[in-house]
Amino acid sequence: MRLIVDSGSTKADWIAIDENGKVLFTAQTLGLNPEILENHEVIERLNDRFDILQNKNEVTHLFFYGAGCGTDKMKITLSRAFQDYFKNAIISVEEDTYAAVYATTPKGEKAIVSILGTGSNCSYFDGKELHQKVQSLGYIVMDDCSGNVFGKELIRKYYFNKMPKELATDFEKEYNLEPDFIKNKLYKDTNPNAYLATFAKFLIKHKDHELCRKIILKGMKSFVKNYIKQFENCKEVPVHFVGSIAFYLKDELKETFEKYDLQLGTVLRRPIDGLIAYHVANK
């Protein structure tokens with residue numbers, strides 16, 4: 001049994017397949033970002049899914065692609081937790097960008113591949129290897145155009161009284177905006193970045209409102225300038241995207257790319273289906 005996992009900070013999609021690529025079961029857990037979670041929290045999240053717990057000794061290979069796995073230290077940390085749990089499996093841990101590459105980019109082709117979900121990142125794929133110009137420092141100072149950054153922006157607009165009354169009224173109906181509740185979520189609960197990203201649903205729902213549109217286009221402009229334009233050949237290759245923010249704001253991405261004369265390539269909400277095809281072809 002092979003397990004293929006695509007994990008963001010908010011959630012992780014799991015698919016178990018046999019040697020021929022037949023799906024044995026699918027599951028979803030909370031995200032498994034090693035920059036945020038301790039190993040015991042990772043194990044707790046695995047144990048919460050009975051189908052994973054029940055089959056853990058049957059797993060021969062685990063292919064994990066996750067947010068927060070961009071450094072050797074984080075890869076090793078998470079690999080150790082998985083090896084203790086899936087005792088009979090060969091473990092492979094890679095950053096989530098590799099999942100995006102394998103799902104969107106034909107074998108051997110060059111592309112810029114980006115993730116816009118709870119967090120964000122951007123890499124250049126030369127047909128064989130990934131190259132990054134910007135080292136992520138996490139959601140507090142980076143993650144341009146991500147769900148958590150959009151969430152912070154909406155909360156700030158609300159608390160600085162810069163949100164129009166009709167929009168603020170809708171905002172209050174959908175979220176608990178009590179200061180103590182928000183601060184508890186940000187400073188005491190796990191996954192504060194995932195909590196912030198929940199506000200992005202409101203932004204997408206009201207994306208045609210002038211304020212929301214400004215926030216969205218500002219975020220995309222920042223992502224293009226700070227990430228995509230770091231690569232000298234950015235206008236010569238397609239730019240692929242994976243993630244809910246990119247998927248639900250595809251029209252705004254098109255608009256931004258036309259302004260900067262960039263080629264918008266494939267935009268997927270989740271890379272997991274493409275990963276199945278990749279691993280069957282490369283078993």
Side-chain angles (χ1 to χ4, degrees), residues 8-11 31 67 100 112 114-122 134 136 138-186 189 191-229 239-270:
S9 295
T10 304
K11 60 183 178 60
I112 293 172
S114 303
I115 295 174
L116 290 183
T118 298
S120 69
N121 64 39
C122 181
V134 179
S136 175
Y139 78 99
I140 294 177
V141 295
M142 289 190 168
D143 276 2
D144 295 27
C145 200
S146 67
N148 77 73
V149 167
F150 283 150
K152 281 186 279 189
E153 190 68 16
L154 279 174
I155 293 172
R156 286 169 58 85
K157 293 294 185 186
Y158 176 81
Y159 268 93
F160 289 144
N161 298 312
K162 293 185 178 181
M163 185 178 285
K165 185 175 181 180
E166 73 280 2
L167 195 64
T169 299
D170 288 340
F171 200 48
E172 292 165 350
K173 290 178 181 178
E174 295 194 28
Y175 298 98
N176 184 338
L177 298 172
E178 290 294 323
D180 287 342
F181 179 84
I182 292 175
K183 286 187 284 187
N184 185 72
K185 285 288 187 180
L186 293 178
D189 276 8
N191 285 37
N193 56 336
Y195 163 70
L196 286 169
T198 62
F199 292 93
K201 295 179 182 179
F202 183 88
L203 188 75
I204 293 169
K205 179 179 178 181
H206 298 274
K207 68 176 188 174
D208 292 329
H209 189 285
E210 182 181 2
L211 176 66
C212 294
R213 177 173 166 79
K214 285 182 178 179
I215 292 173
I216 291 166
L217 294 180
K218 177 185 175 183
M220 291 184 174
K221 178 181 178 180
S222 176
F223 189 81
V224 167
K225 288 190 170 183
N226 290 334
Y227 291 79
I228 295 174
K229 293 192 76 174
V239 184
H240 303 309
F241 283 90
V242 164
S244 56
I245 297 298
F247 183 79
Y248 289 113
L249 297 177
K250 186 175 179 179
D251 290 340
E252 288 72 24
L253 269 178
K254 286 182 179 178
E255 179 181 340
T256 302
F257 270 44
E258 288 173 1
K259 179 179 178 181
Y260 288 97
D261 195 27
L262 297 168
Q263 304 174 47
L264 182 61
T266 301
V267 180
L268 300 177
R269 183 183 177 191
R270 305 186 314 162

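Note that CG of L167 and NE2 of H209 are 4.5 Å apart. Values are rounded to the nearest 0.5 Å. With values rounded to the nearest 0.5 angstrom, M220 atom CE is found 6.5 Å from I216 atom CD1. Taken from CG in D170 to NZ in K205, the straight-line distance is 7.0 Å, to the nearest 0.5 Å. To the nearest 0.5 Å, the span separating OG1 on T256 from NZ on K221 amounts to 10.5 Å. Note that CD of E255 and CG of L253 are 10.0 Å apart. Values are rounded to the nearest 0.5 Å.
Counting heavy atoms from C-beta outward, K229 and V224 have side chains that approach closer than 4.5 Å. Side-chain contact between S114 and V239: present, with at least one pair of heavy atoms (C-beta onward) separated by less than 4.5 Å. Residues L196 and L186 form a side-chain contact, since some pair of their non-hydrogen atoms from C-beta on lies under 4.5 Å apart.
A salt bridge does not link E174 with K201: none of the charged nitrogens is closer than 4.0 Å to a carboxylate oxygen. A salt bridge links K214 to E210: one of the charged nitrogens lies within less than 4.0 Å of a carboxylate oxygen.
Between F257 and I228, the shortest heavy-atom contact is CZ-CD1, 3.7 Å. Closest heavy-atom contact between Y175 and T198: OH-O, 3.0 Å. Here the closest heavy-atom approach between residue L177 and residue F199 is recorded as CD2-CE2, 4.1 Å. Summarising the geometry of E178 relative to Y159, their closest heavy-atom pair is C-OH, 3.9 Å, with the distance given to 0.1 Å. Minimum interatomic distance between K207 and D251 (heavy atoms only, all atoms of both residues): NZ-OD2, 4.4 Å.
H206 pairs by the side chain to side chain donor-acceptor pair (under 3.5 Å) definition with nothing, not counting sequence neighbours.
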Listed pairs under 3.5 Å, donor-acceptor, residues 240-250 side chains, sequence neighbours left out:
{"from": "H240", "atom 1": "ND1", "to": "T266", "atom 2": "N", "distance (Å)": "2.9"}
{"from": "Y248", "atom 1": "OH", "to": "R269", "atom 2": "NH1", "distance (Å)": "3.4"}

N/O donor to acceptor pairs below 3.5 angstrom from side-chain atoms of residues 138-157, sequence neighbours left out:
{"from": "D143", "atom 1": "OD1", "to": "S120", "atom 2": "N", "distance (Å)": "3.3"}
{"from": "D143", "atom 1": "OD2", "to": "N148", "atom 2": "ND2", "distance (Å)": "3.0"}
{"from": "D144", "atom 1": "OD2", "to": "S222", "atom 2": "OG", "distance (Å)": "2.5"}
{"from": "D144", "atom 1": "OD2", "to": "N226", "atom 2": "ND2", "distance (Å)": "2.9"}
{"from": "S146", "atom 1": "OG", "to": "T118", "atom 2": "O", "distance (Å)": "3.4"}
{"from": "S146", "atom 1": "OG", "to": "D143", "atom 2": "O", "distance (Å)": "2.7"}
{"from": "S146", "atom 1": "OG", "to": "N148", "atom 2": "ND2", "distance (Å)": "3.2"}
{"from": "S146", "atom 1": "OG", "to": "V149", "atom 2": "N", "distance (Å)": "3.3"}
{"from": "N148", "atom 1": "ND2", "to": "T118", "atom 2": "O", "distance (Å)": "2.7"}
{"from": "K152", "atom 1": "NZ", "to": "Y139", "atom 2": "O", "distance (Å)": "2.9"}

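Taking the six-membered ring where tryptophan is involved, the planes of F181 and Y195 are perpendicular, since the angle between them exceeds 60° and thus also 30°.
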